[in-house]
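Working notes, structure below.
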Amino acid sequence: MRFIEEKIVKLFMIGATALVFVFVASILYTIIARGLPALNWDMITKLPSGGFYIGKEGGVLNAIVGSLYIVGASTVLGLLISIPVVFYINVYLPKDSKLAYIARLSFDILFGIPSIVYGAFAFTIMIYLGLRTSLGGGIIVITLLIIPIFIRSMDEVARQLPRELLDATYSLGATRLETMGVVVRQIAPGIVTATLLSIGRAIGDAAGVMFTAGFSDSIPTSFSQPAATLPLSVFFQLSSPSADVQDRAYASALILTIIVLILSVVGRFVTQKFSKNKI
Amino acid sequence: MNKKFSNRIFKDKLASGVMLGLTTLSLLLVVGIGIGLYLKSQPILEQKTLWTLLSTTEWKPSNGEFGFLPFILGTLWITGLAIVMALSIALLTAIYLTEYSKSSVKRFVFPALDILAGLPSVVYGVWGTLFIVPWISETLAPHFVEYATGYSTLAGGIVLGVMILPLLISLFVEIFSVVPDDLRNATLSLGATPWQTIKLVVLRKSFSGILAAVVLAISRAFGETIAVLMVCGNLPVIPGSVFDSCYPIPALIANNYGEMLSVPLYDSALMLAAFFLFIVVLVFNAGSRIILHRIER
């Protein structure tokens, strides 16, 4: 009897695991099958012309460039803020520090806060300050959104750092600040994977930038102009009644998917490659 | 003490201060968001009691009627459906991965999960509209109801369920691998089958962790916006069945932010909705993270 149960349960488990693959395959197949026919060179090299959203000529270059601006700037800002924080939690604070525990817990909580809440919050602040939707606003919100990801995934690696390594640098006369060189080199693979993770989340976020970066058919030339982003571009094109425009939405979704897939593959490669020379 | 040395000490102290500042500032963000949203939702709370807002169903901002009940129920419905679906699949998969499968299987499953976790929610939305919605309206719904557009609570639940799968599976795998092997070996040596071991030892031992993971997944599902908004129909009525449309809270906020400034109290109502989301997610997250931190140790 219990052996039959064993067999049945195992069958269910294999079924469930297979189902995961079915979902992945179904999503990728759907996006590729509908996106590829509509994808052409114009899509990624041209700005939307007048009447683009009723089926006229053009592409989504505005959204691609807008996304790159926002993702690039917020990744740099995020790194600048989160590396010192991770360093502080792991080097300056003792291992059983209360502050470190509270900090980790808070970043976990921040990580869980939905981007729409960040967006709504930033929107009220922007209204309070009298600002309009702009590239700068989008960058700030996405930075806030990815800081917890940066910190938590770098911290995972930094926690494994042997304290003896730090003691060794101290014994050579280095101050805590000067061990940074050693620490950063040790957690380098962690920094790279954290960066790729954050880029993935940043480029895919729609709810946060909807409130703050707005949307525009041209490429922004200053921080105070609104900027388009790929996810929103997909969303707006899909809500058009015209079938041509909807096809373009699928093509834009395919572009977004390809970018994310490349990030995921590179991430896996980097983790494997770098984890070799770790202590 | 020469000058160069004291200079280095000074730099170290300065950096310490700056880093402490950065850390506290980013921690204050949690408090800041809470206070900001609370203050913005004050105007509507001064005019109406919280209970009226939560328990009425009329949503007519231009008449000053803000009943949140349909939105709350919409959110609960799709989250419930998503959790039921994702929990069963994730548990079975995680058990299979940790207890049964060879490492060759893992080499394929983990990258697949990475892809699922990395796909932007708008891509899930596109998949939902192209695949799940037609499947519901053409294949599934005709068995139960006469007519369905497919843009439904069920579609939202399925899409959301797939979205939280990778999170649940990776948390479960982590939780199961913390259970000491000695416990497994002890039951196995008493003649129990692997499944009996899992059922009676592993699952029981990791119960609190599973609970925490589920709560975490619920809070993730609560806030998901774009994908759900694209497939669930967005009608502000209480869904009568899973084939009816629903209108979850994040979709409400995202759909109306443009016009909210032109209607009195509208912005305040939407910020109140964002405040709800924030509080629920905050409480759920803090609770489950504290439990998970304890298990890790």
Side-chain angles (χ1 to χ4, degrees), chain A residues 2-3 5-6 9-10 12-14 16-17 19-21 23-24 26-27 30-31 34 81 84-85 87-89 92 103 105-106 108-110 112-114 116-117 120-121 123-125 144 147 175-177 200 203-204 206-207 210-211 231 234-235 238 249-250 253 256-257 260-261 263-264 268, chain B residues 8-9 11-12 15-16 18-20 22-23 26-27 29-30 33 36-37 40 89 92-93 95-96 100 109 111-116 118-123 126-127 129-131 162 165 193-196 216 219-220 223 225-226 250 253-254 257 271 274 277-278 281-282 285-286 289-290 293:
Chain A
R2 62 206 184 99
F3 291 104
E5 192 184 326
E6 175 82 28
V9 173
K10 198 168 172 190
F12 270 120
M13 287 179 199
I14 296 174
T17 313
L19 208 54
V20 173
F21 283 105
F23 285 135
V24 178
S26 155
I27 294 173
T30 313
I31 300 290
R34 295 296 295 266
I81 296 174
V85 173
F87 192 72
Y88 188 76
I89 294 178
Y92 277 71
L105 187 64
S106 312
D108 276 342
I109 292 171
L110 277 174
I113 289 176
I116 185 118
V117 173
F121 171 67
F123 189 60
T124 59
I125 297 219
L144 294 182
I147 283 178
T175 62
R176 290 174 297 182
L177 183 64
I203 205 166
M210 186 183 240
F211 285 98
V234 174
F235 180 66
L238 201 60
Y250 306 141
L256 188 57
T257 311
V260 171
L261 286 183
L263 287 174
S264 156
R268 212 145 249 285
Chain B
R8 286 173 56 212
I9 297 287
K11 263 192 206 157
D12 185 63
S16 167
V18 171
M19 287 172 182
L20 177 64
L22 276 177
T23 312
S26 37
L27 297 185
L29 189 62
V30 187
I33 293 178
L37 292 177
K40 283 299 275 185
I89 298 176
L92 287 167
T93 308
I95 296 172
Y96 184 68
Y100 288 89
V109 177
L113 289 174
D114 268 4
I115 294 177
L116 271 191
L119 283 177
S121 66
V122 75
V123 171
V126 171
W127 174 66
T129 47
L130 284 177
F131 187 78
V162 178
L165 255 186
T193 62
W195 169 241
Q196 282 177 317
L216 202 62
S219 72
R220 175 67 52 88
T225 312
I226 291 291
I253 304 172
Y257 77 99
M271 289 309 141
L277 274 183
F278 173 75
V281 169
L282 185 74
N285 250 291
R289 284 297 181 182
I290 288 171
H293 273 292

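Chain letters run A, B, ... following the sequence lines, proteins first and then strands; every chain starts at 1. Atom set for the values below is all heavy atoms of this structure, side chains included, hydrogens, waters and symmetry mates excluded.
Heavy-atom distances place both the backbone and the side chain of Lys11(B) under 4.5 Å from chain A. With a 4.5 angstrom heavy-atom cutoff, Phe211(A) touches chain B via backbone and side-chain atoms both. Proximity to chain A (any heavy atom under 4.5 Å) is shown, for Thr23(B), by both the backbone and the side chain. At a 4.5 Å heavy-atom cutoff, the contact between Arg220(B) and chain A is made by side-chain atoms alone. Heavy atoms of Tyr100(B) lying under 4.5 Å from chain A belong exclusively to its side chain. Proximity to chain A (any heavy atom under 4.5 Å) is restricted, for Val162(B), to the side chain, taken from C-beta onward. Contacts of Ile113(A) with chain B are made by both backbone and side-chain atoms, with heavy-atom separations under 4.5 Å. Both the backbone and the side chain of Arg176(A) come within less than 4.5 Å of a heavy atom in chain B. Both the backbone and the side chain of Val109(B) come within less than 4.5 Å of a heavy atom of chain A. Heavy atoms of Leu238(A) lying under 4.5 Å from chain B belong exclusively to its side chain. There is no contact between Leu216(B) and chain A, counting heavy-atom distances below 4.5 Å.
Partners of Ile125(A) according to the side-chain contact (heavy atoms from CB on, under 4.5 Å) rule, which considers only residues two or more places apart in sequence or in another chain, are Phe121(A), Leu129(A). Not counting sequence neighbours, Tyr96(B) has no partner by the ring-ring contact (aromatic ring centres under 6.0 Å, His included) test.
With contacts defined as side-chain heavy-atom distances shorter than 4.5 Å, the pair Leu165(B)/Phe23(A) qualifies.
The CG atom of Leu29(B) lies 12.0 Å from the CD1 atom of Ile109(A); values are rounded to the nearest 0.5 Å.
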